Each structure stands twice: as C-alpha cells, then as structure tokens.
Amino acid sequence: MRSFLFIPGDSPKKLDKGMTSGADALLLDLEDSIAPQSKAGARDTTVAFLKEARTARSRPRLFVRINGLATGLTDHDLDAVVAAAPDGIMFPKAEGGAAVIHCDAKISAREAIAGLPDGALDIIAIATETAQALFLAGTYAGSSKRLKGLTWGAEDLSVEFGAEANRDRDGHFLAPYQLARSLCLAGAAAAQVQAIDTVYVDFRNEAGLRRECEEARRDGFTGKMAIHPAQVAVINEVFTPTAEAIKRAEAVIAAFAADPFAGTVGIAGVMYDRPHLERARQLLARAKANTPEH
Ligand code: COA
Ligand code: MG
C-alpha cells in the first residue's frame with residue numbers, strides 16, 4: 001500500500017469521497033480529528049460506512065484509527081468497529097511491542113465475539129507520538145502477527161516536548177522529529193513491517209509534498225499518509241516502482257538465478273550482493289501489489 005488517506009470518521013460526505021480518491025487505504029479517524037463530544041456519533045457514522053463500503057467490488061483497504069490506550073476510549077471504539085469488519089486498526093500513541101500485544105488481545109476478543117476469523121484484522125501502529133515511545137521503537141519485532149506497518153507523527157510529539165515548532169522555515173523537520181522519523185524506519189525494518197511516512201499538512205503545496213515523498217522513498221519508506229484527496233495521486237506516483245527500477249530488479253534476480261551459488265554478481269560495472277537480491281524481490285512484490293487486478 002502506497003497511500004493512506006485520513007478521513008474524519010464523522011463525515012459521511014468525506015467518507016464517500018474517499019472511496020473514489022484512488023487511495024490504497026482509508027484511515028477512518030475516531031481520534032484527533034474528532035472532538036470529544038462527537039466520539040460516539042463518529043463511531044456510529046464510521047460503522048455505518050464500513051458495513052456498506054466493505055461490500056464494494058473494488059475498494060481501498062479500510063482501517064479505523066481508534067483512540068489510544070490512555071484515553072479510556074479504546075474498548076468502546078473496538079466494541080463498535082471490530083464487528084463491522086474493517087481490514088485493520090490504526091493504533092495511535094503506541095509505546096512499543098508490549099502496547100501492540102495489548103491492542104492485539106483486545107482485537108482478538110472482539111473478533112471471537114463477532115465470529116470473525118482469528119487474525120482477520122491487521123494493525124498499523126503510530127510509533128513516535130510520546131517521548132517514551134521513542135525509546136521503545138526497537139521492540140515491535142514479534143509482538144503480533146497483525147502488525148503490518150509502523151508510521152510516525154510529529155504533531156503529538158511536539159506537544160509532548162513543549163516545542164514551539166516541528167519544522168523549520170523551509171518546511172524541513174527539525175532534529176527531534178528527524179530522530180522520530182529515523183526510529184520509525186529502523187523499528188519497522190527490525191520488525192520486518194512496512195515503514196509509512198507521516199502526513200504533509202500543507203495540503204495545497206504539491207511541490208513540497210512531492211519532495212517529502214521522494215525523500216521518504218529514498219530512505220526506505222514505502223508509503224505515506226495523506227490528509228486530503230489531492231495528495232493521493234502524488235503519493236501513488238512516487239511510491240510506485242518505476243519501469244526502470246523494475247528492470248534493474250529483474251536484472252539482479254536474473255543474475256543470481258543464473259548462478260545460484262554466487263554471493264555477489266556484477267551488472268554493468270556495479271557489484272550486487274545478497275541483500276540487493278532481497279531488495280530486488282521486495283521491489284517486484286510491491287510493483288505487483290500495485291497493479292490494478294490486485
Ligand atoms: N477525505 C475525503 N474527502 C476530503 C478530505 C479527506 N481527507 N479532505 C477534503 N475532502 C473533500 C472535501 O469534503 C471537498 O469535497 P467537495 O468538493 O465534495 O465539497 C473536497 O475534498 C475538497 O476539499 P477542500 O475544500 O479542498 O478542503 P476542506 O477545506 O473541505 O478540508 C481539511 C480541509 C483539512 C479539513 C480536510 O482535508 C480534512 O478533513 N482532512 C483530514 C483531517 C484528518 O483526518 N486529520 C487526522 C489525521 S492528521
Ligand atoms: Mg495524534
């Protein structure tokens with residue numbers, strides 16, 4: 001999945017619009033975009049939308065962002081949404097693998113009650129929203145089979161730090177948030193799950209979004225979250241492997257296939273070793289997952 005579009009879970013109009021946005025996944029939000037007095041209503045709206053949307057023939061994957069464990073709302077959210085069978089849960093303010101295990105157990109109980117297959121719902125965790133979470137970014141490996149991705153956020157973290165800003169005048173993240181971004185990337189790689197880049201909030205600035213997408217892809221992120229439908233096309237474009245990248249990956253795989261005992265091969269004057277082979281396979285798998293018949 002390349003693009004993950006956030007939609008406030010209390011807006012039927014935006015929820016409908018998300019279905020034709022071109023996003024690979026929708027993040028139906030019950031957390032930060034919903035005022036405290038609207039939480040119950042947003043749950044109802046989200047559940048009604050899910051029941052309808054999941055039966056659509058061709059649709060994005062549907063995730064619900066629930067409220068974090070410290071809010072006292074997690075159980076109410078899961079009681080409502082698991083039975084509506086979304087594809088997964090986005091788990092905010094995660095503090096390491098132990099918190100994911102906790103979330104997994106809560107989902108498992110509801111899956112059983114709803115008669116869903118065990119493990120039907122995935123988890124994507126937001127891994128950098130508290131100061132403590134930064135120190136636990138390396139603990140996600142093996143926490144849950146549900147865990148499919150890690151992402152990061154700078155907004156809640158800057159509030160926690162008491163910071164005045166999280167980006168400089170040119171829109172680049174300041175050092176504390178670059179650390180959070182790097183920890184997300186390393187944590188995801190250690191847990192062998194997808195690393196998903198954070199939102200770009202300046203949603204009319206396409207050039208800025210494109211730059212951030214390209215920097216994220218360069219560093220190993222394979223997708224990015226969006227807050228506005230206009231951001232989806234750029235994200236999909238940048239995170240879709242290019243024909244040239246696919247050709248290069250196929251050449252690496254072919255070279256190793258031709259010599260199964262080789263540890264390294266040379267192609268056009270460049271050395272490739274086994275990690276390059278693994279990376280080439282991952283790239284082709286992503287390219288295949290993005291073709292329309294999937
Ligand atoms: N998902 C689906 N549809 C969206 C959307 C979203 N995230 N954001 C905007 N739209 C729709 C609008 O409803 C509007 O529809 P219309 O043309 O049928 O009237 C259209 O896209 C154009 O929207 P626009 O007028 O450019 O923006 P806006 O001022 O209506 O909305 C935001 C701006 C930021 C409030 C809105 O993009 C939004 O709610 N984003 C998601 C916020 C969120 O979930 N945050 C939590 C994670 S950080
Ligand atoms: Mg938040």
Side-chain angles (χ1 to χ4, degrees), residues 1-39 41-50 52-54 56 59-68 71 73-74 77 81 86-94 123-130 133 149-160 163 165-167 171 173 177 180-181 184 196-209 212-213 216 221 223-236:
M1 291 178 280
R2 304 157 296 179
S3 51
F4 301 76
L5 174 62
F6 267 117
I7 310 181
D10 64 349
S11 170
K13 187 181 123 186
K14 287 179 186 168
L15 289 165
D16 280 341
K17 218 174 164 81
M19 291 295 278
T20 54
S21 64
D24 293 332
L26 305 184
L27 306 170
L28 318 180
D29 189 26
L30 302 179
E31 199 213 17
D32 287 347
S33 69
I34 305 297
Q37 65 275 19
S38 306
K39 295 287 185 191
R43 257 177 230 134
D44 293 343
T45 303
T46 295
V47 165
F49 171 76
L50 274 173
E52 176 93 29
R54 44 183 297 272
R59 62 165 177 82
R61 304 247 299 153
L62 302 167
F63 287 77
V64 178
R65 182 165 73 168
I66 58 172
N67 291 278
T71 62
L73 297 171
T74 313
D77 289 343
V81 302
D87 297 299
I89 295 297
M90 172 164 268
F91 178 43
K93 305 221 166 60
I123 295 176
I124 295 172
I126 314 183
T128 68
E129 291 191 302
T130 71
L150 286 190
T151 186
W152 69 286
E155 304 306 321
D156 294 86
L157 191 59
S158 56
V159 172
E160 179 125 333
N166 52 31
R167 293 179 185 256
F173 278 112
Y177 312 96
R181 177 181 183 276
C184 170
I196 303 160
D197 196 26
T198 195
V199 295
Y200 187 73
V201 292
D202 189 2
F203 61 85
R204 308 265 183 237
N205 181 355
E206 190 183 315
L209 172 68
E212 211 167 86
C213 288
F221 289 94
K224 188 172 176 70
M225 299 189 291
I227 52 155
H228 191 283
Q231 297 183 316
V232 169
V234 174
I235 295 174
N236 284 350

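What's counted below: heavy atoms across the whole structure, side chains too, no hydrogens, waters or symmetry copies. Whatever order the structure lists ligands and atoms in, that order sets their numbers, starting from 1. These figures come from a predicted structure and were not determined experimentally.
- A salt bridge does not link K14 to D29: none of the charged nitrogens lies less than 4.0 Å from a carboxylate oxygen.
- Residue contacts with ligand 1, taken as heavy atom pairs separated by less than 4.0 Å, involve K17 solely via side-chain atoms from C-beta onward.
- Polar contact with ligand 1: absent for R65 (N/O pair, distance under 3.5 Å).
- K93 has no carboxylate O lying under 4.0 Å from a charged side-chain N of E160, or vice versa, which leaves the two without a salt bridge.
- Among M1, R2, M90, M225, the single residue meeting the side-chain contact (heavy atoms from CB on, under 4.5 Å) criterion with I196 is M225.
- Nearest to atom 2 (C) of ligand 1 among the protein's heavy atoms is K14 O, 3.2 Å.
- Of the candidates D32, I34, I89, R65 forms a side-chain contact (heavy atoms from CB on, under 4.5 Å) with just one, namely D32.
- In the vicinity of S33, heavy-atom distances shorter than 4.0 Å reach the ligand 1 atoms 43 (C), 44 (O), 45 (N), 46 (C).
- Close contacts of ligand 1 with K13, meaning ligand atoms under 4.0 Å from a residue heavy atom, involve 13 (O), 15 (O), 16 (P), 18 (O), 19 (O).
- Close contacts between ligand 1 and R204 involve ligand atoms 24 (P), 26 (O) [criterion: under 4.0 Å to a heavy atom].
- Residue I227 places at least one N or O, backbone or side chain, under 3.5 Å from an N or O of ligand 1.
- Between the side chains of T45 and D10, no donor-acceptor pair of N or O atoms lies under 3.5 Å.
- Taking atom 1 (N) of ligand 1 as the reference point, the nearest protein heavy-atom neighbour is I7 CG1, 3.6 Å.
- In this structure a side-chain-to-backbone donor-acceptor pair under 3.5 Å is missing from S158 to A165.
- Of the residues listed (D87, L50, D77), the one engaging V64 in a side-chain contact (heavy atoms from CB on, under 4.5 Å) is L50, and it is the only one.
- Atom 23 (O) of ligand 1 has its closest protein heavy atom at H228 NE2, 3.3 Å.
- Proximity of E155 to ligand 1, defined as any heavy-atom pair under 4.0 Å, is not found for any part of the residue.
- Short contacts between ligand 1 and P8, defined as distances under 4.0 Å to a heavy atom of the residue, involve ligand atoms 39 (O), 41 (C), 44 (O).
- Atom 8 (N) of ligand 1 is flagged as protein-proximal [any protein heavy atom, distance under 4.0 Å].
- Atom 33 (C) of ligand 1 has its closest protein heavy atom at F203 CZ, 3.6 Å.
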**OP:** Take D156 and T130, measure what side chain to side chain contact (heavy atoms under 4.5 Å, CB included) needs, and give me the verdict at the end.
**Re:** CA-CA 7 Å; D156 294 86; T130 71; over 6 Å; no
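- There is no protein heavy atom less than 4.0 angstrom from atom 29 (O) of ligand 1.
- Using a 4.0 Å cut-off between heavy atoms, M19 makes no contact with ligand 1 at all.
- Taking every heavy atom of D29 and a limit of under 4.0 angstrom, the matching atoms of ligand 1 come to 46 (C).
- Ion pair D24/R61 not flagged as a salt bridge, since none of the NZ, NE, NH1 or NH2 atoms sits closer than 4.0 Å to an Asp/Glu carboxylate oxygen.
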Subject >> CA sep, side-chain torsions, deciding dist, call: F49, M19, side chain to side chain contact (heavy atoms under 4.5 Å, CB included) >> reply: CA-CA 10 Å; F49 171 76; M19 291 295 278; 3.8 Å; yes
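- Contact between M225 and ligand 1 is absent, with no heavy atom of the residue lying under 4.0 Å from the ligand.
- The minimum heavy-atom distance between W152 and D197, with the atom names listed, is NE1-OD1, 2.8 Å.
- Of the listed options S21, A230, P229, P229 places a heavy atom closest to atom 4 (C) of ligand 1.
- Of the N or O atoms in F6, one or more lie within a sub-3.5 Å distance of an N or O in ligand 1.
- A donor-acceptor distance shorter than 3.5 angstrom exists from the side chain of S21 to the backbone of G18, with no hydrogens or angles considered.
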